[in-house]
Amino acid sequence: DTAVSQTPKYLVTQMGNDKSIKCEQNLGHDTMYWYKQDSKKFLKIMFSYNNKELIINETVPNRFSPKSPDKAHLNLHINSLELGDSAVYFCASSQGYNEQFFGPGTRLTVL
Amino acid sequence: DQQVKQNSPSLSVQEGRISILNCDYTNSMFDYFLWYKKYPAEGPTFLISISSIKDKNEDGRFTVFLNKSAKHLSLHIVPSQPGDSAVYFCAASAINRGSTLGRLYFGRGTQLTVWP
């Protein structure tokens, strides 16, 4: 059973489009995250939710909007996609301050 | 500004020998450190962690050493195996210093290659 799953795994789209990436965890964790890994391989946190409440909101364009319908899901919506949004996006979850479990990643390519 | 640095982008080690991966940090508030391992096309997986109240933590072939005065930690893998070939990320957090829940700062990663 997959602990943290993301869909889709690959996403290729045109500039200006709007897209969503979905994330689900079946670990019963109370905190979920979105990370971006750019071309230089840095893993940077974008958002985190604890019990559906936004607690980390890094300096990302407001074209990115997370949505947490329940504790097990954290989706990422991206509007008006730009070339610079091309990256691998990872979802993760944790129970409080404990270690984070990552999903397999979504490779987004904006053409 | 990178608060966690892994200055060696790659490391190559023969099977059976020791692999030593290094990590430096700049923020003295960090009190919890983790190592993650990442295979291609997969997400990072948690490997081992250490709290700042310790200077060593061991789990099987993996040992993490923490030198707080030098703001340095290292991951030792003994003996190294070809299946250990992956990218290793160092991460840090300030759990007991008022850090926002779950905020981890990652290094850039070190590609470890273990050859037969």
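Note on naming: letters A, B, ... go to the chains in the order of the sequence lines (proteins, then strands), and numbering restarts at 1 for each one.
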| message | If I measure from the heavy atoms of chain A, does B:Tyr36 come under 4.5 Å with its side chain, its backbone, both, or neither? | response | side chain

| What closest approach, in Å, do A:Glu99 and B:Tyr32 show between heavy atoms, and which atom pair accounts for it? | OE1-OH, 4.2 Å

| message | Tell me the closest heavy-atom pair linking B:Leu104 and A:Tyr35, and the distance in Å. | response | CB-OH, 3.8 Å

| Does A:Lys9 use its side chain to pair, donor to acceptor, with the backbone of B:Ala41 at less than 3.5 Å? | yes

| field | Inter-residue atom distance B:Arg108.CZ - A:Gln37.CD, 0.5 Å rounding | value | 11.0 Å

| said: With rounding to the nearest 0.5 angstrom, report the NZ to CZ distance, B:Lys38 to A:Phe102. | reply: 10.5 Å

| request: Let me see the working for A:Glu58 and B:Arg103 under side chain to side chain contact (heavy atoms under 4.5 Å, CB included), right down to the final yes or no. | output: CA-CA 10 Å; A:Glu58 284 295 273; B:Arg103 181 181 290 282; 2.9 Å; yes

| Close side-chain approach of B:Gln2 and A:Phe42, heavy atoms under 4.5 Å | yes

| Under 4.5 Å between side-chain heavy atoms, hopping through other hydrophobics if needed: is there a path connecting B:Ile20 to B:Leu66? | no

| Heavy-atom pair with the smallest gap, counting every atom of A:Gln100 and B:Phe46 | O-CB, 4.4 Å

| request: Kindly give the heavy-atom pair with the smallest separation between B:Gly43 and A:Phe90, and that separation in Å. | output: CA-CE2, 3.5 Å

| Hphob cluster co-occupancy, B:Leu34 + B:Phe65, side-chain heavy atoms under 4.5 angstrom | no

